[in-house]
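Right, one structure below, let's go through it.
Just so it is clear, the model here is predicted, and its values are computed rather than measured.
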Amino acid sequence: MESLRAALPALRPSASAAIGAGLRPRKQAVRLGASASPFLRSSFVSTSSASSSASPASISSAFSASLAFSYTSSFSVESSFEHRLFGIDVRGRILAMRHGKRIPRLGRPADQRKALLRGLTTQLLKHGRIKTTKPRAKAMRKWVDKMITLAKDGSLHKRRQALGYIYEKHIVHALFAEVPDRYGERPGGYTRIIPTFPRRGDNAPMAYIELV
């Protein structure tokens, strides 16, 4: 008993260490593993081996002394901010913050999003006014303006570009025939978005989008 007290540093145990005296020091030493210093692991092993002849107060004193030495001398923590900027979803894809990306995803992958915008643009040019959600109306506005700008040019190359985007061919031919007279003097802004009541069920914001 006297040899054990002489070998350990003379430090007063804290209140938390005194409360947790005698609570399986060997298992605590195993949990520390490679993150603890060799001095800390050897202290726990020697303390737990002598626990049969030592009192709980001496074991608590050895635990607090070796732990204080380890944290003040040889314990190092490496911190980084990668866990705040990146994440992994259930499919294993890396997710990051979308800073500076202006593309509205509309809750769909790229191919489905492009097909949706093509269909909405075709319907707007066909009917002149449609009702959809506000994010979709804002996303399709630039494509409608682009199709009208192609029709104002009137060249064969622009017509083929419009045919590659709009689903119905007769709408393209009618667009190229009517746009020069209707929007010839207008520099831009060919659509108008009018907000309306939210949709029943999911309360999604709705809006009318129409040609000016």
Show every donor-acceptor pair shorter than 3.5 Å between a side-chain atom in residues 131-150 and any protein atom, with sequence neighbours excluded, or say none if there are none.
from	atom 1	to	atom 2	distance (Å)
Arg141	NE	Thr191	OG1	3.4
Thr149	OG1	Asp145	O	2.7

Taking every heavy atom of Leu175 against every heavy atom of Pro180, the minimum-distance pair comes out as O-CD, 4.4 Å
Rounding to 0.5 Å, atoms CZ (Arg160) and OG (Ser155) come to a distance of 10.0 Å
| query | Do Tyr190 and Lys152 get their side chains close enough for a donor-acceptor pair, meaning under 3.5 Å? | reply | yes
Is a donor on one side and an acceptor on the other found under 3.5 Å between the side chain of Tyr165 and the backbone of Thr121?
no
| query | Transitively linked via ILVMFWY side-chain contacts under 4.5 Å: Phe176 with Tyr167? | reply | no
Leu156 atom CG, over 12 foreign heavy atoms within 6.0 Å:
yes
Applied to residues 102-128, the ring pair (Phe, Tyr, Trp, His ring centres under 6.0 Å) test, sequence neighbours excluded, yields none
Smallest heavy-atom separation, Leu124 atom then Arg129 atom, equals CD1-N, 3.8 Å
Interatomic distance, CG@Leu125 vs CD1@Ile171, rounded to 0.5 Å, equals 7.0 Å
Linking I/L/V/M/F/W/Y whenever any side-chain heavy atoms sit under 4.5 Å apart, do Leu211 and Tyr208 land together? no
Query raised in the report: Between Arg118 and Ile166, is there a donor-acceptor pair closer than 3.5 Å when you use the side chain of the first and the backbone of the second?
Result: no
Between Thr196 and Ala207, the two heavy atoms sitting closest are CG2-N, 3.7 Å
So the salt bridge (Lys or Arg N to Asp or Glu O under 4.0 Å) pairs with at least one residue in residues 180-192 (sequence neighbours excluded) are Arg192-Glu210
Is any side-chain heavy atom of Ile194 closer than 4.5 Å to one of Ile209? no
